[in-house]
2 protein chains.
Amino acid sequence: MHQMLAHAILGPMIGGTEQELVEEWHGLLARHAAVHNALEHDLQAQHGISVSEFEALELLASSDHGKCRGQDLTNVVHLSQSAASRLVARLERGGLVERVMCDLDRRGIFVVLTDEGHKRYSDAKPTHRSALARTLRADD
Amino acid sequence: MHQMLAHAILGPMIGGTEQELVEEWHGLLARHAAVHNALEHDLQAQHGISVSEFEALELLASSDHGKCRGQDLTNVVHLSQSAASRLVARLERGGLVERVMCDLDRRGIFVVLTDEGHKRYSDAKPTHRSALARTLRADD
DNA sequence: ACGCATCGAATGCAAGCGCATTTAATCTTG
DNA sequence: CAAGATTAAATGCGCTTGCATTCGATGCGT
């Protein structure tokens with residue numbers, strides 16, 4: 001309560017009032033939810049893929065030969081290792097990706113973008129960018 | 001590809017290069033994941049509540065008489081209506097909250113913070129703020 | 001006052017998530 | 001070189017989520 005007064009009287013202090021931290025966090029939450037929901041809806045409706053799946057495809061498309069190690073995917077998608085594993089399994093089931101054995105380290109795998117996967121990514125990209133442009137700057 | 005060159009040669013243009021939108025989105029994703037994971041871990045480990053549950057308790061604690069309409073909760077937690085309903089059910093099961101009939105509009109409910117609920121919120125609050133302070137400014 | 005659209009909330013259901021564990025391959029150390 | 005530690009990935013499990021639907025209550029137009 002008196003924190004709101006301090007803010008009103010002294011103006012926004014750029015340091016790190018508890019009040020300010022909470023406001024920044026709520027802003028981050030709202031912003032994230034808005035963009036994520038829009039992306040999820042548009043990508044799902046128009047191309048049948050989720051946000052995480054798109055991020056995975058994007059990493060692959062920007063990689064050499066459309067291939068990358070399974071672990072690199074895990075780092076990118078902000079998901080647990082198990083969830084990332086199942087994400088690859090889904091993409092494979094959908095024919096967007098293939099899993100190939102890694103010769104040098106036979107524990108690991110390579111995830112490789114198929115032609116169909118590359119096409120789906122290219123198709124989805126404008127939808128993705130458009131949703132970003134619409135929602136990322138909408139509420140400033 | 002030429003987008004990266006444009007960025008390197010012309011410098012960051014503050015308008016809305018596609019490249020810039022994507023970078024801003026990835027930053028938002030990373031930031032959200034970092035803070036959310038830390039909050040979720042700390043709140044769960046030390047107080048047995050999730051981030052959404054904490055947000056709900058915080059709304060209630062800041063409301064008059066610790067009561068608010070079910071729909072107000074839905075708006076705050078960035079969850080679907082059904083998920084919010086189950087969230088209240090969980091909180092009720094845990095004894096942190098009670099559902100009471102709303103007399104004026106008997107479709108709706110009031111969600112009321114119990115004494116135990118208020119205590120759990122007060123206990124969790126420092127943990128929450130501490131995690132925010134640690135993660136929200138950590139990676140600038 | 002009646003019937004119909006709308007609203008607030010709850011619930012069946014399938015899918016996705018994280019945690020913990022498992023399996024197999026690789027690295028380390030004595 | 002053998003045994004234990006470590007790593008990459010997959011999987012069983014319980015929980016949470018969103019979508020679609022349902023149910024009762026309310027508001028509105030005629």
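Just the heavy atoms: all of them, side chains too, but no hydrogens, waters or symmetry mates, feed the values below. Chain identifiers are assigned alphabetically (A, B, ...) following the order of the sequence lines, protein sequences preceding nucleic acid strands; residue numbering begins at 1 within each chain.
More than 12 heavy atoms of other residues, nucleotides or ligands sit less than 6.0 Å from atom NE2 of A/His36. The number of heavy atoms from other shown groups lying within 6.0 Å of NE2 (B/His41) does not exceed 12.
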Base versus backbone protein contacts along nucleotides 9-16 of chain D [heavy-atom cut-off under 4.0 Å; B, S, -]
BBBBB--S
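Within the 4.5 Å cutoff, the side chain of B/His32 has no heavy atoms near those of the A/Arg31 side chain.
Rounded to an integer number of Å, the gap from B/Asp105 CG to D/dG24 C1' is 11 Å.
Summary of the strand contacts: A/Leu87 and A/Arg106 both lie near DNA chain C, and taking for each the nucleotide with the nearest heavy atom, the more 5' one is attributed to A/Leu87.
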Quick one: side chains of residues 56-70 of chain A, donor-acceptor pairs under 3.5 Å with protein atoms, not counting sequence neighbours, listed by atom name and distance.
unit_1  : atom_1 : unit_2   : atom_2 : d
A/Glu58 : OE2    : A/Tyr121 : OH     : 2.7
A/Glu58 : OE2    : A/Arg129 : NH1    : 3.2
A/Glu58 : OE2    : A/Arg129 : NH2    : 2.9
A/Ser62 : OG     : A/Glu58  : O      : 3.4
A/Ser62 : OG     : A/Leu59  : O      : 3.0
A/Ser63 : OG     : A/Leu59  : O      : 2.7

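The hydrophobic cluster containing A/Val100, built from Ile/Leu/Val/Met/Phe/Trp/Tyr side-chain heavy atoms closer than 4.5 Å, also comprises A/Phe110, A/Val112.
Sequence neighbours left out, the pairs with a member in residues 79-95 of chain A that pass side-chain hydrogen bond (donor to acceptor under 3.5 Å, both in side chains) are A/Glu53-A/Arg90, A/Ser80-A/Ser82, A/Glu92-A/Arg99.
Between chain B and DNA chain C, the heavy-atom contact criterion of under 4.0 Å yields a 5' to 3' nucleotide range of C/dC7 to C/dC13.
With sequence neighbours excluded, no residue forms a salt bridge (charged side-chain N to carboxylate O under 4.0 Å, His left out) with A/Asp72.
To the nearest 0.5 Å, atoms CD1 (A/Ile49) and CG (A/Asp42) are separated by 11.5 Å.
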